[in-house]
Amino acid sequence: MPLPEDTLSRLGAEVALPKIDRALKDLWANDETKTRASLINFAIYSEDPSALAANVERLDQITAEHACRALLILCLPEARPPRARAWINALCRPYQGRQEVCSEQISFLLEGGDAAQVQNVVFAHLDADLPLLVWWQGGLTKNFEERFYSRIGTLILDSSTWADPRAEFARLAAVRADRCADFDVRDLSWTRSHFLRTALAACFQDANARRHLPMLERIEITHARGQRCAALMLAGWIAHRLGARLAEGVDGLVFDRPGGSRLHAVLAEAGAEGCALQSLKLSGPGLAVQVTREGASAFVHVCADCEGHAHEEILPADVVGEAELISEQLSRAGGGTHYATVLPLMEDLLAR
């Protein structure tokens with residue numbers, strides 16, 4: 001089904017593929033009040049035509065915070081006849097009065113597109129010598145192959161959108177074993193747990209509370225519908241930090257700890273409303289910690305009780321919108337992340 005032209009018109013001015021570079025130069029030459037700025041190449045890749053309008057809005061929000069060459073890629077591998085179309089646009093923000101700082105946006109519609117077409121058409125228009133960050137939306141299709149991922153510096157995913165997460169994580173693991181796959185991986189499901197992890201760390205600044213960590217027995221996590229991956233990552237990360245490993249031959253999320261004790265994790269699904277992760281509880285002899293977030297509140301409530309000494313605190317929560325989550329990832333690009341320790345655990349966690 002053809003995309004509505006009114007939707008395509010929001011992509012900017014359509015240009016012939018061989019004239020993209022010349023059209024971009026003309027865009028800046030004709031307006032001295034606009035200054036082009038670019039620190040990275042940032043691409044959104046999708047094979048879902050219904051996501052196009054939303055992705056246009058997301059790019060507008062993201063480039064407000066991050067100067068880049070923005071590449072919006074809509075690939076329709078099954079469309080016939082094969083053809084490629086392109087549009088250019090300037091995403092500008094005011095700076096010091098009349099001056100405007102702008103990111104370049106190049107949008108591509110690849111009908112019948114495969115990985116070779118992405119490489120030959122899209123990657124030919126990267127801003128030279130700048131890193132490439134790609135937000136791959138949806139499952140890792142056949143287009144996610146060596147010609148694509150060998151060019152990526154950072155790959156951003158959202159495992160909450162995957163129909164078969166275990167198979168997708170297995171595919172990702174197989175790709176990362178390829179010597180050509182030298183890219184960093186970020187998962188929005190992991191990013192969504194940041195506020196809980198930060199609040200949890202605050203609970204254990206007290207030395208007495210830290211002494212009780214080896215005695216923890218139970219983890220309880222409440223998550224929104226469709227956000228089980230985020231909850232599993234959080235449970236797996238906590239267990240890993242405590243030196244525990246998944247118990248063999250046992251049903252459920254049970255972890256063996258050094259010394260022979262066991263740690264049990266229980267996940268509960270709430271409704272679709274509210275944030276992805278809504279509460280976290282840790283309990284053991286003499287210790288009870290609870291972190292909760294009501295709806296889309298900008299704050300989390302922390303309550304910790306250690307040997308009868310209770311402490312409550314209100315802490316700021318993270319953002320929840322996809323564009324804001326992506327902006328957060330772009331701000332951290334190149335930095336370290338605990339996700340690398342969680343990623344190898346996901347296939348086994350999802351099997352429980």
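Values in this document were obtained by computation on a predicted structure and should not be read as measured data.
- Using a cut-off of 4.0 Å between Lys/Arg side-chain N and Asp/Glu carboxylate O, R262 and D256 are scored as salt-bridged.
- To the nearest 0.5 Å, the span separating OG on S46 from CG on L76 amounts to 8.5 Å.
- Atom CZ of R241 has 12 or fewer heavy atoms from other residues, nucleotides or ligands within 6.0 Å.
- Each of L110, N55, L3 was compared with L74 under the side-chain contact (heavy atoms from CB on, under 4.5 Å) criterion, and only L3 meets it.
- A tilted orientation is assigned to the rings of W190 and Y339, their planes being inclined by 30° to 60°.
- Atom NE2 of H240 has 12 or fewer neighbouring heavy atoms from other residues, nucleotides or ligands inside a 6.0 Å radius.
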* E328/T191 under side-chain hydrogen bond (donor to acceptor under 3.5 Å, both in side chains): CA gap, chis, key distance, verdict -> CA-CA 9 Å; E328 192 170 312; T191 308; 5.8 Å; no
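- Atom CG of residue D178 and atom OH of residue Y149 lie 3.5 Å apart, to the nearest 0.5 angstrom.
- The pair R171-D164 fails the salt-bridge criterion, with no side-chain N (NZ, NE, NH1 or NH2) lying under 4.0 Å from an Asp/Glu carboxylate O.
- Of the N and O atoms on the side chains of H212 and E307, at least one donor lies less than 3.5 Å from an acceptor on the other residue.
- Within the 3.5 Å criterion, the main-chain N or O of E146 finds a donor-acceptor partner in the side chain of S150.
- Side-chain atoms of Q105 and S107 form a donor-acceptor pair, as typed in the model, at a separation below 3.5 Å.
- Side chain of D127 to backbone of N41: no donor-acceptor contact under 3.5 angstrom is found.
- The pair R211-D206 does not meet the salt-bridge criterion, since no charged nitrogen lies less than 4.0 angstrom from a carboxylate oxygen.
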